[in-house]
Amino acid sequence: MIKLSTFTLLYLLTLPTWATDLPPQRQTELLSFLKQDCGSCHGLTLQGGLGPSLLPNALTGKPKEFIIQTILKGRPNTAMPPWQGLLSEAEIIWLTDQLYKGIDHAHP
Ligand code: HEC
């Protein structure tokens, strides 16, 4: 019984560091980066500006891998720059997931 709960506790403690989940503080940083840096072209609420809308309804139907590659490498001959030097691939995948889910802009 004690053994089991210790294991469960350890499992829960290590869970957030696995795979696609980034530390909460980094998640907050990335969301504000998205708003400030990506938002300067895609609009503060990502509704579109110089760059197209990045809202879930605009991304639905577009392959996730294509969107990840766009953020990693940019789009040649357009204003969309590559971000792979600045953000890690895991961070870009995480951001892409947030875009498809939709971001609550009520939070800073
Ligand atoms: C300097 C302006 C600029 C900045 C900054 C910028 N983008 Fe873009 N982005 C663009 C433009 C312009 C396009 C459209 C390129 C084209 O014509 O295909 C684009 C396209 C995209 C696309 C493809 C959308 C689609 O529907 O195919 C994604 C995804 C994207 N940007 C994400 C981001 C993210 C995430 C950031 C911040 C890390 C960012 N962009 C920052 C200008 C920008």
Side-chain angles (χ1 to χ4, degrees):
M1 193 58 187
I2 288 164
K3 222 175 188 174
L4 184 67
S5 48
T6 306
F7 177 79
T8 308
L9 186 64
L10 280 175
Y11 177 81
L12 289 173
L13 284 174
T14 51
L15 204 58
T17 60
W18 283 359
T20 59
D21 256 351
L22 303 169
Q25 193 199 332
R26 188 59 185 152
Q27 296 186 9
T28 309
E29 284 169 11
L30 286 173
L31 289 180
S32 97
F33 182 85
L34 190 69
K35 202 168 170 177
Q36 305 304 324
D37 289 66
C38 314
S40 66
C41 284
H42 291 276
L44 210 58
T45 56
L46 306 177
Q47 82 283 6
L50 172 66
S53 165
L54 302 178
L55 296 177
N57 64 4
L59 295 177
T60 303
K62 291 176 186 166
K64 218 176 235 187
E65 189 51 37
F66 167 70
I67 293 303
I68 291 168
Q69 287 304 315
T70 298
I71 302 172
L72 274 170
K73 310 237 160 77
R75 291 254 174 97
N77 305 314
T78 77
M80 176 61 185
W83 296 93
Q84 58 186 355
L86 217 69
L87 304 172
S88 75
E89 192 163 346
E91 289 170 343
I92 290 177
I93 292 169
W94 184 84
L95 272 179
T96 303
D97 282 340
Q98 306 314 303
L99 291 174
Y100 275 83
K101 276 193 252 172
I103 291 146
D104 183 358
H105 293 284
H107 292 289

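Both counts, for ligands and for their atoms, begin at 1 and track the order of listing. One-based numbering along the sequence shown.
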(message) Side chain, backbone, both or neither: which applies to Arg75 and ligand 1 if a contact is any heavy-atom pair less than 4.0 Å apart?
(response)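 Contact part for Arg75 vs ligand 1: side chain (C-beta onward).
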Which atoms from ligand 1 have a heavy atom of [X] less than 4.0 Å away?
| X | value |
| --- | --- |
| Thr78 | 15 (C), 16 (C), 17 (O) |
| Gly51 | 10 (C), 11 (C), 12 (C) |
| Phe33 | 38 (C) |

(message) Name the residue from Ile67, Thr70, Leu72 that meets the side-chain contact (heavy atoms from CB on, under 4.5 Å) definition with Ile92.
(response)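 It is Leu72; the other options fail the test.
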Atom [atom1] in [X], atom [atom2] in [Y]: separation rounded to 0.5 Å?
| X | Y | atom1 | atom2 | value |
| --- | --- | --- | --- | --- |
| His42 | Leu99 | NE2 | CG | 9.0 Å |
| Glu91 | Thr96 | CD | OG1 | 11.5 Å |
| Leu87 | Ile71 | CG | CD1 | 8.5 Å |
| Lys35 | Thr45 | NZ | OG1 | 9.0 Å |
| Gln84 | Gln69 | CD | CD | 8.5 Å |
| Phe33 | Leu86 | CZ | CG | 5.0 Å |

How far is [atom] from its nearest protein heavy atom, and which residue and atom name does that atom have?
| atom | answer |
| --- | --- |
| atom 28 (C) of ligand 1 | Leu54 CD2, 3.5 Å |
| atom 14 (C) of ligand 1 | Pro52 CD, 3.5 Å |
| atom 26 (O) of ligand 1 | Lys62 NZ, 2.5 Å |
| atom 43 (C) of ligand 1 | Cys41 CB, 3.4 Å |
| atom 36 (C) of ligand 1 | Cys38 SG, 2.8 Å |
| atom 41 (C) of ligand 1 | Trp83 CZ2, 3.4 Å |
| atom 30 (C) of ligand 1 | Met80 CE, 3.4 Å |

(request) May I have the step-by-step check of side-chain contact (heavy atoms from CB on, under 4.5 Å) for Leu59 and Lys64, ending in yes or no? (result) CA-CA 8 Å; Leu59 295 177; Lys64 218 176 235 187; over 6 Å; no
(message) Tell me whether Pro81 reaches ligand 1 (any heavy atom closer than 4.0 angstrom to a ligand atom).
(response)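 Checking ligand 1 against Pro81, which is what was asked, there is a heavy-atom contact under 4.0 Å.
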(message) Tell me whether Asp37 reaches ligand 1 (any heavy atom closer than 4.0 angstrom to a ligand atom).
(response)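 Yes, that is the case, since the closest heavy atom of the residue is under 4.0 Å from the ligand.
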(message) For Gln47, is the CD atom crowded, meaning more than 12 foreign heavy atoms sit under 6.0 Å from it?
(response)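 Enclosed: over 12 neighbouring heavy atoms sit under 6.0 Å from CD of Gln47.
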(request) Check for a donor-acceptor pair, side chain of Gln98 on one end and backbone N or O of Ile103 on the other, with a separation under 3.5 Å. (result)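 No; judged by distance alone, with no hydrogens or angles, the pair does not exist.
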(request) Would you check if atom 8 (Fe) of ligand 1 lies under 2.8 Å from any N, O or S atom of Thr70? (result)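 Checking atom 8 (Fe) of ligand 1 against Thr70, no N, O or S atom falls under 2.8 Å.
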(request) Examine His42 and say whether one of its N/O/S atoms is closer to atom 8 (Fe) of ligand 1 than 2.8 Å. (result)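 Coordinating: yes.
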